[in-house]
Amino acid sequence: MSATEISAQATQMPATWQNVWRALKRVLREPLGALGFGLVMFVLVSAIGADFFAPFEPNKIDIRAKLQPPSAEHYLGTDQLGRDIYSRVLVGGRIALKVSLVSIGIALVIGLTLGLIAGYGPRWLDNSLMLLFDSVRSFPTVMFALAVVTLFGPSLTTVMIVVIVTQIPIYGRMVRSQTQALRDAEFILAERAMGAGFFRIIAMHILPNVVGPLLILASMDIPFVITIEAGLSFLGMGVRPPTPSWGTILNDGYSYIYNTPWPVIAGGIPVILTTLGFTFLGESLRDVFDPKLRKEI
Amino acid sequence: MKPLLEISDLHVRFRTHSPLSAMMNGIQDPFVDAVNGVSLHIGEGETYGLVGESGSGKTTLARSILGLVQPQQGSIRYAGTELIGMPAAQMKRFRSNVGAMFQDPVGSLSPRMTIGSLLAEPFKIHGLSDRDLGHEATRLLDMVGLNRDFSSRYPHQLSGGQARRVGVARALALNPKLIIADEPTAGLDVSVQGEILNLLGKLQAELGISILVITHNLNVVRHITDRMGIMYFGRVLEQGPTSAIFHQPSHPYTLALLSANPEPDPDAEIDRLELHGEVPSLFNRPGGCEFHPRCPFSDDTCKSAFPDITELDNAHSFRCHHPLQRA
Amino acid sequence: MLEISRLNVEFTTERGVIKALRDVDLEVPRGSIVGVVGESGCGKSTMINSIIGLLAHNAAVRSGSITFEGSDLLQKSQRELRDIRGTRISMVFQDPMTALNPVLSIGAQMTDIQYRDPIGMAQKKQRSIRMLSRVGIPDPETRLENYPHQFSGGMRQRIAIAMALQAEPALLIADEPTTALDATLEVQIIHRLKDLQQSMGCSILFISHHLGVIAELCDFVVVMYGGEVVERGTVRDIFHRPAHPYTIKLLECDPARIAETTRALPTIPGEIPDLVNLPPGCIFADRCDRCIKVCREQIPQTTEFAEHHWARCHLAGSMAET
């Protein structure tokens with residue numbers, strides 16, 4: 001693209017969409033990036049359209065047809081209560097994505113806000129926020145999860161609270177260090193010299209420069225949250241039956257692994273595919289945006 | 001000439017150790033003096049050049065005028081109004097009188113904003129959004145000689161010279177009376193440097209603004225400034241009319257600085273006052289005159305006492321026990 | 001000793017192929033200092049990177065040769081080039097911190113770069129001390145224990161020079177080594193560099209945009225513009241009898257050469273052409289005030305119109321007389 005073409009495009013499209021489009025083109029050029037993008041799209045579409053794609057009601061019990069192998073009727077077989085595993089995997093995917101997107105979204109907003117305040121605000125506030133972050137992080141995630149489950153009982157909300165609380169310090173710390181690096185940049189000095197206030201500098205000049213890397217980090221955290229959700233549900237501390245979740249599908253199938261491996265395979269493969277998809281996508285996005293790795297003149 | 005900006009006995013100190021660590025390590029004075037008793041004034045429509053090597057305090061001085069650094073002592077008066085200790089709301093209003101340019105042409109523009117929105121920034125900050133900001137942006141681009149298409153570009157798509165023009169446009173957006181330009185031509189090629197300096201000169205002539213230029217490029221100072229000051233270790237060692245200083249420097253450091261400038265002529269005979277040794281560290285300030293360890297003329301007086309200001313005619317002054325002989 | 005002839009380097013990018021260097025000729029005679037001047041985007045850094053074999057991955061040498069001590073560097077393997085770098089060719093950069101490891105003492109770094117030499121630790125240390133005192137570091141024995149951040153900018157650049165010259169290279173490439181330094185230190189460093197060059201007998205390829213420094217230090221000067229060497233010759237020829245219109249303009253623009261103070265400084269109107277879509281004729285035609293018809297149609301040949309004075313201009317030779 002020549003400079004004139006770039007400016008012509010810029011007038012047609014808002015800046016962010018133009019950047020998204022260019023980044024996407026770069027991601028798709030890498031084989032792993034394209035694979036990651038494809039997998040993520042596949043998981044998203046199947047989760048959003050779960051009700052449409054699912055041939056059966058995921059909680060419909062049919063004891064006569066229990067633990068069947070895959071067939072033309074039940075693509076991935078049935079579980080010990082005769083429920084269609086294919087339908088349960090689709091709906092379970094929606095729950096997995098809902099948990100990860102909602103909890104990471106909330107953690108992102110809170111972590112971003114606290115990180116900006118710590119990085120740009122007064123020293124004492126920075127110190128106290130860092131102390132808070134470090135205390136939370138020094139607590140083992142599993143122990144913390146067990147404590148929350150004991151207090152509030154197992155539920156989807158419990159899983160989300162665990163994820164939110166453990167992710168906030170990670171995002172907060174990252175935003176803080178990036179903000180500190182930007183705080184003394186010349187363009188910030190230039191804005192201050194013009195009289196721009198605290199909130200204006202944070203919102204207009206620091207935020208746009210820290211939000212990109214943060215979103216990439218968050219996209220790579222989605223699989224981590226999905227495994228937490230699956231793990232906690234597998235242990236019986238997350239989603240309550242009969243709600244389908246990849247963790248509960250695995251848990252249910254685990255008891256019958258000697259009779260039939262299908263439920264375990266059907267519950268495990270989506271976890272693996274989603275994890276790989278988001279990881280590949282996140283990594284290639286990071287490569288695209290990291291100027292240090294992009295060496296062209 | 002009526003002074004627009006008057007700085008007297010300005011001191012800026014930076015803390016090097018927290019009070020606790022200073023106490024633990026037995027440090028009596030956990031500060032460095034970045035600006036140490038500087039007095040100068042800039043008249044209306046005048047260009048004042050501040051030269052000095054890195055670490056001499058010239059950038060800190062500029063930043064304290066812009067209110068980015070808090071001085072500990074002294075006064076900065078703009079058109080008779082004291083700036084030090086001014087309430088924040090009033091300070092914000094004052095800022096529209098002063099435009100600033102920073103060293104890095106591209107780096108001083110917020111990277112994720114278009115040139116158009118960068119040019120609208122000053123108006124938005126000062127609550128003037130009711131103006132036609134698009135119109136203001138084109139007016140400013142025209143003023144600095146950039147095509148109107150630049151409005152939709154991003155800083156990284158600009159060359160150094162173009163980005164510098166945007167910097168000039170932003171500094172002039174609110175019709176300031178004073179421009180503070182910190183190394184306005186750093187990192188620019190000679191031909192582009194000329195363009196930027198000519199632009200500043202043209203705008204100065206049209207708008208009658210005063211300019212404080214901070215630079216280590218003596219050739220720039222010689223051509224564009226009316227008066228100049230030479231800083232060393234946070235102090236102004238010599239100041240006066242530019243032509244007088246270039247023609248007949250009084251302070252040995254001024255002479256060393258002027259003669260250090262290599263001539264672009266292979267056959268030039270340069271009568272150099274070469275200095276020896278390195279610039280001492282701010283943490284380890286020499287006693288007496290700070291220049292004495294490098295000065296070829298220093299004696300015991302220089303080691304013990306800091307010289308007072310000697311006034312010559314024509315507002316030319318210096319601080320030295322052993323000034324150069326005047327022809 | 002170093003001879004670049006008709007070097008062509010291209011970069012493949014999203015926008016197309018950037019013809020970054022076109023038919024670049026350059027010669028560094030033994031024991032001389034050759035200065036390279038040119039504004040940003042003229043191809044200086046691409047040329048240095050070609051010499052030391054460190055071009056970016058999207059760059060390709062299309063044709064030409066870089067002959068150093070009798071053999072073509074472009075034909076050498078990465079391994080062979082690595083052996084040449086640091087022993088026969090050394091570099092000094094603008095920012096001395098890039099050459100110094102912040103977590104190792106100066107002494108450790110200076111003995112470490114002598115790993116090829118089969119001599120004892122004590123001897124290596126002695127050599128380092130000698131080298132540091134030669135570049136003008138006072139009290140080198142004790143300063144050997146210090147770390148880079150404990151030195152001032154000027155001192156660091158001296159150390160970087162000491163490290164580059166320690167292996168007694170045949171060629172030192174200095175890429176804007178004094179740009180980050182203050183005027184008084186700049187003069188000290190160039191003088192030191194010149195003394196060392198004379199006593200060691202090495203050659204220096206000195207890249208700078210500071211015409212004053214070039215005039216004071218160099219024997220020969222190469223002027224680059226838009227990826228081409230537009231003029232080269234002895235320092236006196238270039239400064240006193242410039243032949244290429246670009247060189248003439250560049251010299252005119254330097255405020256140091258204008259004796260009378262003026263508020264209207266000369267400039268070179270226009271910009272460097274896009275190196276993806278090159279003009280059919282001379283690269284400088286658009287900005288040249290002596291441009292004639294042939295300049296827009298034909299790329300000029302590099303001609304030696306006077307002894308040791310080359311220019312890439314249709315009017316070369318005829319201009320020098322006027």
Side-chain angles (χ1 to χ4, degrees), chain B residues 47 51-56 159-162 185-202 204-205 216-225 242-243 246 253 256-268 270 272-281 294, chain C residues 38-42 136-138 150-155 158 179-188 190-191 209-219 221 234-240 249-258 260-272 287:
Chain B
T47 306
V51 289
E53 308 193 329
S54 42
S56 60
S159 72
Q162 291 165 345
T185 59
L188 299 181
D189 293 323
V190 244
S191 61
V192 183
Q193 167 178 296
E195 285 175 27
I196 298 296
L197 295 176
N198 291 347
L199 175 70
L200 274 176
K202 190 188 96 177
Q204 181 175 31
H216 63 259
N217 190 331
L218 288 163
N219 295 316
V220 168
V221 170
R222 182 163 65 92
H223 285 294
I224 73 165
T225 65
T242 305
S243 54
F246 269 88
Y253 178 67
L257 205 59
L258 296 180
S259 66
N261 204 21
E263 291 281 327
D265 178 353
D267 298 319
I270 304 171
R272 273 214 179 100
L273 180 67
E274 261 198 65
L275 298 180
H276 298 281
E278 296 282 317
V279 187
S281 148
R294 298 176 77 196
Chain C
E39 301 187 285
S40 44
C42 72
I137 304 261
Q150 291 169 301
F151 292 88
S152 67
M155 287 287 189
R158 284 165 199 264
T179 305
L181 299 178
D182 296 316
T184 52
L185 294 175
E186 184 170 43
V187 173
Q188 288 179 26
I190 14 181
H191 287 176
H209 65 266
H210 194 325
L211 293 172
V213 172
I214 295 274
E216 184 151 347
L217 180 71
C218 300
D219 305 312
V221 179
T234 62
V235 68
R236 285 193 176 74
D237 279 342
I238 297 293
F239 280 92
H240 294 322
K249 287 261 182 194
L250 191 67
L251 292 174
E252 276 174 4
C253 280
D254 189 349
R257 286 174 65 94
I258 306 162
E260 283 294 306
T261 55
T262 171
R263 285 289 339 227
L265 294 162
T267 61
I268 310 178
E271 276 169 51
I272 298 179
R287 304 173 76 178

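All values derive from a computational prediction rather than experimental measurement. Throughout, a chain's letter reflects where its sequence line sits, starting with A, and its residues are numbered from 1.
- When heavy atoms are compared at a cutoff of 4.5 Å, C:S152 approaches chain B solely by way of its side chain, counted from C-beta outward.
- Heavy-atom pairs under 4.5 Å with chain B peak, among C:P266, C:A215, C:A264, C:C218, at C:A215.
- Neither the backbone nor the side chain of B:S243 comes within contact range of chain C, judged by heavy atoms closer than 4.5 Å.
- Here the closest non-hydrogen pair linking C:A183 and B:E53 is N-OE2, 4.4 Å.
- Residue C:I214: no heavy atom, backbone or side chain, is found under 4.5 Å from chain B.
- For chain C, the option among B:N219, B:N198, B:L275 with the highest count of heavy-atom pairs below 4.5 Å is B:N198.
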### Message
side chain to side chain contact (heavy atoms under 4.5 Å, CB included) for C:R257 and C:F239? Distances and angles first, verdict last.
### Response
CA-CA 11 Å; C:R257 286 174 65 94; C:F239 280 92; 3.7 Å; yes
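- Side-chain atoms of C:V187 and B:R272, non-hydrogen and from C-beta on, do get closer than 4.5 Å to each other.
- Considering only heavy-atom pairs separated by less than 4.5 Å from chain C, the leading option among B:Q204, B:Q193, B:E195 is B:E195.
- There is no side-chain donor-acceptor pair under 3.5 Å between B:S159 and C:E271.
- C:T184 is listed as a side-chain neighbour of B:R294, based on a closest heavy-atom distance under 4.5 Å.
- Counting heavy-atom pairs under 4.5 Å between each of B:N261, B:D265, B:D267 and chain C puts B:D267 at the top.
- Between C:R263 and B:I224, some side-chain heavy-atom pair lies under the 4.5 Å cut-off.
- Of the atoms belonging to C:L217, not a single heavy atom falls under 4.5 Å from chain B.
- Most heavy-atom pairs under 4.5 Å with chain B: of the set C:G136, C:C253, C:G38, this distinction falls to C:C253.
- Contacts with chain B were tallied for C:E186, C:H240, C:H210; C:H240 has the most, counting heavy-atom pairs under 4.5 Å.
- The minimum heavy-atom distance linking C:R287 with B:S191 is given by the pair NH2-OG, 4.3 Å.
- Contact count versus chain B (heavy atoms, under 4.5 Å) is highest, among C:I258, C:V235, C:D254, for C:I258.
- B:D189 and C:S40 get closest at one heavy-atom pair: OD2-OG, 2.7 Å.
- Counting heavy-atom pairs closer than 4.5 Å to chain C, the top residue among B:P262, B:A260, B:P264 is B:P264.
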